[in-house]
Number of protein chains: 2
Amino acid sequence: MAEVDVKHRIFATTREAIVGRRLPPGTKLTEDIIADTFACKRGPVRWALARLGDEGLVTLVPHRGAFVAEPPLDEAKHLFGARRMLEGGIVRCLCDAPPPQGWRPLMACVDAEDRAHAEGDETAALRLSGDFHLIMAELTENPIAATMLRELVSRTVLAITVHQHRGSSGCRTHEHRRLIELLEAGDVEGAAREMDDHLRALEGGLDLSPRPRSGPSLRAVLGAALETARA
Amino acid sequence: MAEVDVKHRIFATTREAIVGRRLPPGTKLTEDIIADTFACKRGPVRWALARLGDEGLVTLVPHRGAFVAEPPLDEAKHLFGARRMLEGGIVRCLCDAPPPQGWRPLMACVDAEDRAHAEGDETAALRLSGDFHLIMAELTENPIAATMLRELVSRTVLAITVHQHRGSSGCRTHEHRRLIELLEAGDVEGAAREMDDHLRALEGGLDLSPRPRSGPSLRAVLGAALETARA
DNA sequence: TCTGCCCGGATTGTTAACAATACAACCTCG
DNA sequence: CGAGGTTGTATTGTTAACAATCCGGGCAGA
């Protein structure tokens, strides 16, 4: 896993930094800074930014540059809508053909979620909450569906970050647990409905407060990400 | 609609040529040829090719170039699987909230499909068959879902082209009509099942014959596409 | 004839210099 | 004191030249 192209390293680290909320929405992503952070020329950087733009994690303004996206409220709603459509299908697919590994990976994830909540690590909790949904997608063994959901989940993280989810939580973990129970029971309709309700609940938690996010230290954050990746 | 960036024009026309099957799977997409077809430098071309690569319509081989993709059989199956997951959700969403325009657009599309079949225009029929599904996605008024499905449908066209669909048809139009009926009746489960069956039928029509496609005249085909676009 | 090798041509990948644009600070004028 | 224009600087966008790589054909040798 060493000799991956620089382009992909930039793409992956930056993406990771964004969904990990170390680069808050609105942060300017300056080509030069990224370029010499990764000790490369601007070419690979532009490639990565373009791709992040495609995925909706970054907004590219002509002649102005790239900024980590701040999805407007409509987009947030559409995101949840699309997730309901897709994840409903995922749930049904899983009931139809239960994965050979069983539901163990899901349970492990919820446990981790609970731990994060217990430790008060909001960001980790949100991340794990997303992972839960992602793992479900991966259990279908359909890489295309998994990729689509990965994109949706990443953007959802941004949307939630911008439109301050009220109260605190990401997914209530007990809804996740309930989902697992229904899956175990093979209750297709119940599981599908639970997923739908769950996503609706998340969407309902959106608020219309426009976050006045601050935008610091791109270089530091990306550099740190690199360090930990090296280790 | 004139001053769109050259990048996007290249992207759009090439994409169109691929899903319109004027550029058969396997065709080499040479940067220089595209570049002077569009009277530009290689920069925009590379951008467009990279994007088409992301979407799975083009395969990029390092130091070899870009080729219109030939999705292997597994990928084809995954494509249909993902479509079942997503389109099931779309159907349910439409039943839940019937579109203000009604089902007119869908009916118009099926009519066009029938005409194409009557005229023996296989390619147009396949295209319209895809459009039918796309229109459904658009009726949900969820641009994100629509975009996702657009990608899936395009790749499906390639998959079908490669793995020679037996008999002839793309979608049997009567299945499309039946779907409309069920939607009109507001029969959620019926419509969802019909969609699922429909997609399964399409997938079942895949065959394992590796097409020995010919690969001609990139320049001509793209040039022609430009002409008609200009007119 | 077939195999292996090397070379020429063509194509992709990268880079460094240049052009274009936008933002910010300043400066003038009413 | 404020509005409007102007210049300077920083950043992005583009291009042309260069480097790296791959494919095909020719050639020598078994």
Side-chain angles (χ1 to χ4, degrees), chain A residues 2-12 14 18 23 26-55 57-70 212-223, chain B residues 2-12 14 18 23 26-55 57-70 212-223:
Chain A
E3 54 287 330
V4 284
D5 199 334
V6 192
K7 296 187 288 198
H8 296 118
R9 280 221 333 263
I10 301 179
F11 173 72
T14 308
I18 291 175
L23 291 175
T27 307
K28 171 96 191 282
L29 303 170
T30 309
E31 297 182 357
D32 282 334
I33 298 181
I34 301 180
D36 66 331
T37 300
F38 285 86
C40 68
K41 307 304 175 187
R42 283 190 313 160
V45 178
R46 307 200 71 186
W47 185 91
L49 290 178
R51 232 188 114 151
L52 289 168
D54 276 3
E55 295 203 3
L57 292 179
V58 159
T59 305
L60 294 134
V61 185
H63 294 282
R64 292 274 322 274
F67 306 81
V68 5
E70 311 176 84
R213 231 52 193 83
S214 62
S217 68
L218 163 60
R219 163 177 261 131
V221 127
L222 244 42
Chain B
E3 55 285 333
V4 286
D5 200 336
V6 192
K7 294 186 290 201
H8 296 118
R9 280 218 338 257
I10 301 179
F11 173 72
T14 308
I18 292 175
L23 290 175
T27 307
K28 170 97 189 282
L29 302 171
T30 308
E31 295 182 359
D32 282 335
I33 297 181
I34 302 181
D36 66 334
T37 300
F38 285 85
C40 68
K41 307 303 175 188
R42 283 191 314 160
V45 177
R46 307 199 72 183
W47 185 90
L49 289 178
R51 235 190 110 152
L52 288 168
D54 277 2
E55 295 203 1
L57 292 180
V58 158
T59 307
L60 291 122
V61 186
H63 294 281
R64 292 275 321 276
F67 306 81
V68 6
E70 311 176 83
R213 230 52 191 83
S214 62
S217 69
L218 162 59
R219 162 177 262 132
V221 128
L222 245 41

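Below, read A as the first sequence line, B as the second, and so on, with proteins coming before strands; counting in each chain starts at 1.
- For the atom pair CG of B:Asp32 and CZ of B:Arg42, the computed distance is 6.0 Å after rounding to the nearest 0.5 Å.
- For the pair A:Glu31 CD and C:dA16 P, the computed distance is 15 Å after rounding to whole Å.
- Within 4.0 Å of A:Gly43, counting heavy atoms only, lies no atom of the nucleic acid at all.
- Remark: C1' of D:dG13 and CG of A:Leu49 are 13 Å apart, rounded to the nearest angstrom.
- Rounded to whole angstrom, the span from the CZ atom of B:Arg42 across to the C1' atom of D:dT15 amounts to 11 Å.
- For the atom pair CH2 of A:Trp47 and CH2 of B:Trp47, the computed distance is 13.0 Å after rounding to the nearest 0.5 Å.
- What separates CG of A:Asp5 from C1' of D:dA20 is a distance of 14 Å, to the nearest Å.
- Rounding to whole angstrom units, CG of residue B:Asp32 and P of D:dA16 are separated by 13 Å.
- Taking atom CZ of B:Phe67 as the reference point, atom C1' of D:dC22 lies 11 Å away to the nearest angstrom.
- In this structure, A:Thr27 contributes its side chain and A:Leu23 its backbone to no donor-acceptor pair below 3.5 Å.
- Atom NZ of A:Lys41 and atom P of D:dT12 are 16 Å apart (whole Å).
- Atom P of nucleotide D:dT15 and atom CH2 of B:Trp47 are separated by 15 Å, given to the nearest angstrom.
- Closest-nucleotide positions on DNA chain C for A:Arg64 and B:Arg46 were compared, and the one nearer the 5' end corresponds to B:Arg46.
- Rounded to the nearest 0.5 Å, atoms CG (B:Leu29) and CD1 (B:Ile10) are 11.5 Å apart.
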